[in-house]
Amino acid sequence: MSTSITREQAARRQLADFDGLLIGPQDAGYDSARTVYNAMIDKRPALIASCATPDSVARAVAAARENGLPLAIRGGGHNGAGLGTVDGGLVIDLSPLRNIEVDPDARTVRVAGGCTWGEVDSATGEHGLATPSGIISTTGVGGLTLGGGLGHLTRKCGLAIDNLLEADVVLASGERVRASADEHPDLYWAIRGGGGNFGVVTSFVFRLHEVGNVIAGPTFWALEQSADVLSVYRDFIGSAPRELNGFFAFATVPPGPPFPEELHMRPVCGVVWCYVGDQDGADRAIAPLLDALPEPLLHGIQEMPHAALQSAFDGIYPAGDQWYWRADFVKEIPDEAVALHARYGAEMPTWKSTMHLYPIDGAAHDVDPADTAWSYRDARWGAVFAGVDPDPANVPAIRSWSIDYHEALHPYSAGGAYVNMMMDEGEERVRASYRDNYDRLARIKATYDPENLFHVNQNIKPQT
Ligand SMILES: Cc1cc2nc3c(=O)[nH]c(=O)nc-3n(C[C@H](O)[C@H](O)[C@H](O)COP(=O)(O)OP(=O)(O)OC[C@H]3O[C@@H](n4cnc5c(N)ncnc54)[C@H](O)[C@@H]3O)c2cc1C
């Protein structure tokens, strides 16, 4: 009788006294454990290892490496392309790693690798402090940070990585190291934009800023006015004070409060604002844009805690919707591109589908392209074309709208895209997104992960 065992069984044996939870296809709870945010992703890992300590992360890394199992790292599970999980491999689930320590005097926060941004925003917000994150509270700190981190505070405080002071990393070898300006500076450079290519980050330390309450909310105009609104926005945002962030959006007014009933489910264009300061300052900062445009359908800015703004979209975008998105960095939006935006914005296939142009300037431009792995410091926007709907029957419609819109606008882009908003689009696309930084990343990859154990990501191939 054969005594051969599968690689999954061998990994399980190796982890027999594992201090976390191990879940395989035969275990109760497997289906909920393997589910990620994007319902279009339906992967079946061989083993999910929920890790509550850096030691258990190191053991799970060793079990994958020594048994030849493909390895995925799952932070918040939000990745559009489903890069937090893998078919037939081992998933390191970081969700039990949830500790957060705010040091209000030092203005820093230490965040464990499995936290989501809402938890961090609430903890820092108690002290009137914040660090830049994204726009949805359920997104993982791990994936968002390692890819860059664009959000409501980008213009004032930079990207998430611009505020990352140090990280504790479990390497492919199982060794645990600290990456900072003083320790493993090459690794510290690479993880600021290079994604999960270099190891599992079990804890991050971020710089905090005085943010307190913000003045935030949307201004919406009729869709027919989108070409005018986008042109005025394009010329306005780069010269607005850094305290003001505003991303342009095509969207549909959600069918509930606080939006007026007569606007429910109306497709619109607009800007979602976040001003760090008081109401008068916000009014003054936004006035040049409002003065140059017709009366909006809704100007809904109000004072709120930063953490409340960060969770304002959570109700519209719960886990379990179908997501297909494409992205590009953008330096300029010529009038021909404005006209194409107006055309595709008017063809949104479902009410949750959207297009955002996130500004990349202000503090994000204070950092040189070679200072971190995130190369596109000369871009002025990150564009994302997102098809979203709860109904799987609408996947063909959301997918083709996103692809067609992206392909129409790509000739006007800067070439690459923000890796956190890409699907699985191949090696050339990853290279284009790191540009001149790619070769340096590939050399650092060869130092820290020569066998490319960490390959379930926007992958950087080790350059030997
Ligand atoms: C609704 C929604 C809104 C979003 N909004 C924004 C936004 O405003 N700004 C923005 O910048 N991005 C945004 N994103 C994109 C987001 O940054 C990426 O999807 C990111 O990958 C999510 O991180 P995660 O930890 O939740 O993902 P996961 O799916 O868990 O992981 C994604 C990738 O990151 C790696 N990874 C995660 N954690 C770790 C870790 N601790 N150590 C090493 N590798 C790790 C994984 O290996 C994987 O390759 C949004 C995504 C969604 C779905």
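These values consider heavy atoms only, across backbone and side chains, with no hydrogens, waters or symmetry-generated copies. In listed order, ligands and their atoms are each counted from 1. Treat the numbers as computed from the prediction; the structure is a model and nothing was measured.
- Inclusion of Tyr37 in the set of residues having an N or O under 3.5 Å from an N or O of ligand 1 is not warranted.
- Counting protein heavy atoms only, atom 5 (N) of ligand 1 is closest to Ile135 CG1, 4.1 Å.
- Aromatic pair Phe206/Trp117: ring centres closer than 6.0 Å.
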Subject >> salt bridge (Lys or Arg N to Asp or Glu O under 4.0 Å) evaluation trace for Arg178 with Asp168 >> reply: CA-CA 5 Å; Arg178 178 155 294 172; Asp168 291 343; 2.7 Å; yes
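- Side chains of His152 and Leu309 form a contact here, defined as non-hydrogen atoms less than 4.5 Å apart.
- Between Arg176 and Asp55 a salt bridge is recorded (basic side-chain N to carboxylate O distance below 4.0 Å).
- Contacts between Trp323 and ligand 1 below 4.0 angstrom, taking non-hydrogen atoms only, involve the side chain exclusively.
- Considering backbone and side-chain N/O of Asn420, one or more are found under 3.5 Å from N/O of ligand 1.
- Here Glu119 pairs with Arg98 in a salt bridge; the nearest charged N to carboxylate O distance falls below 4.0 Å.
- Here Asp162 pairs with Arg377 in a salt bridge; the nearest charged N to carboxylate O distance falls below 4.0 Å.
- In the vicinity of Gly113, heavy-atom distances shorter than 4.0 Å reach the ligand 1 atoms 41 (N).
- Ring pair His341/Tyr405: centre-to-centre distance below 6.0 Å.
- Remark: distances from the non-hydrogen atoms of Gly151 to ligand 1 are all 4.0 Å or more.
- Between Asp366 and Arg242 there is a salt bridge, with a side-chain nitrogen of the basic residue lying less than 4.0 Å from a carboxylate oxygen of the acidic one.
- Centroid-to-centroid, the aromatic rings of Phe247 and Tyr358 come within less than 6.0 Å.
- Close approach to Gly84 involves these atoms of ligand 1, each under 4.0 Å from a residue heavy atom: 29 (O).
- Annotation for Glu451: atom CD does not count as buried by contact number, only 12 or fewer foreign heavy atoms lying within 6.0 Å.
- The shortest contact between atom 24 (P) of ligand 1 and any protein heavy atom is with Gly76 N, 3.5 Å.
- Applying the 4.0 Å criterion to heavy atoms of Ile136 picks out, from ligand 1, the atoms 1 (C), 3 (C).
- Residues satisfying the side chain to side chain contact (heavy atoms under 4.5 Å, CB included) criterion with Ala308, sequence neighbours excluded, are Met304, Pro305.
- Counting protein heavy atoms only, atom 33 (C) of ligand 1 is closest to Asn79 ND2, 4.2 Å.
- Ion pairing between Lys352 and Asp391 fails under the 4.0 Å rule for side-chain N and carboxylate O.
- Taking every non-hydrogen atom of Asn457 and a distance limit under 4.0 Å, the qualifying atoms of ligand 1 come out as 49 (O).
- Ligand 1 places these atoms under 4.0 Å from at least one heavy atom of Val200: 42 (N), 43 (C).
- Numbered from 1 in the order shown, with element, the atoms of ligand 1 that lie under 4.0 Å from a heavy atom of Val456 read 47 (O), 49 (O).
- A salt bridge is absent between Asp186 and Arg192: the closest approach of a Lys/Arg side-chain nitrogen to an acidic carboxylate oxygen does not fall below 4.0 angstrom.
- Ligand 1 lies out of reach of Gly195, whose nearest heavy atom is not under 4.0 Å from it.
- Atom 34 (O) of ligand 1 has as its closest protein heavy atom Gly143 CA, 3.4 Å.
- Distance from atom 46 (C) of ligand 1 to its nearest protein heavy atom, with residue and atom name: Ile73 O, 3.0 Å.
- Short contacts between ligand 1 and Leu94, defined as distances under 4.0 Å to a heavy atom of the residue, involve ligand atoms 40 (C), 41 (N).
- When only interatomic distances are considered, the shortest N/O to N/O separation between Val201 and ligand 1 falls below 3.5 Å.
- Nearest protein heavy-atom neighbour of atom 48 (C) of ligand 1: Leu83 O, 3.2 Å.
- Near Arg74, meaning under 4.0 Å from any of its heavy atoms, are these atoms of ligand 1: 30 (O).
- Under 4.0 angstrom from ligand 1, the non-hydrogen atoms of Trp325 all belong to its side chain.
- Outside the 6.0 Å centre-distance limit, the rings of Tyr434 and Trp374 are not counted as a close aromatic pair.
- The protein non-hydrogen atom at the shortest distance from atom 13 (C) of ligand 1 is Met421 CE, 3.5 Å.
- Evaluation of the salt bridge (Lys or Arg N to Asp or Glu O under 4.0 Å) test over residues 73-91, restricted to residues two or more places apart or in two chains, returns none.
- In terms of protein heavy atoms, atom 27 (O) of ligand 1 is closest to His78 N, 3.3 Å.
- Residue Leu146 has no nitrogen or oxygen atom sitting less than 3.5 Å from a nitrogen or oxygen atom of ligand 1, judged on distance alone.
- Every heavy atom of Phe198 sits 4.0 Å or more from the atoms of ligand 1.
- Between atom 30 (O) of ligand 1 and the options Gly114, Gly75, Ser133, the minimum heavy-atom separation is to Gly75.
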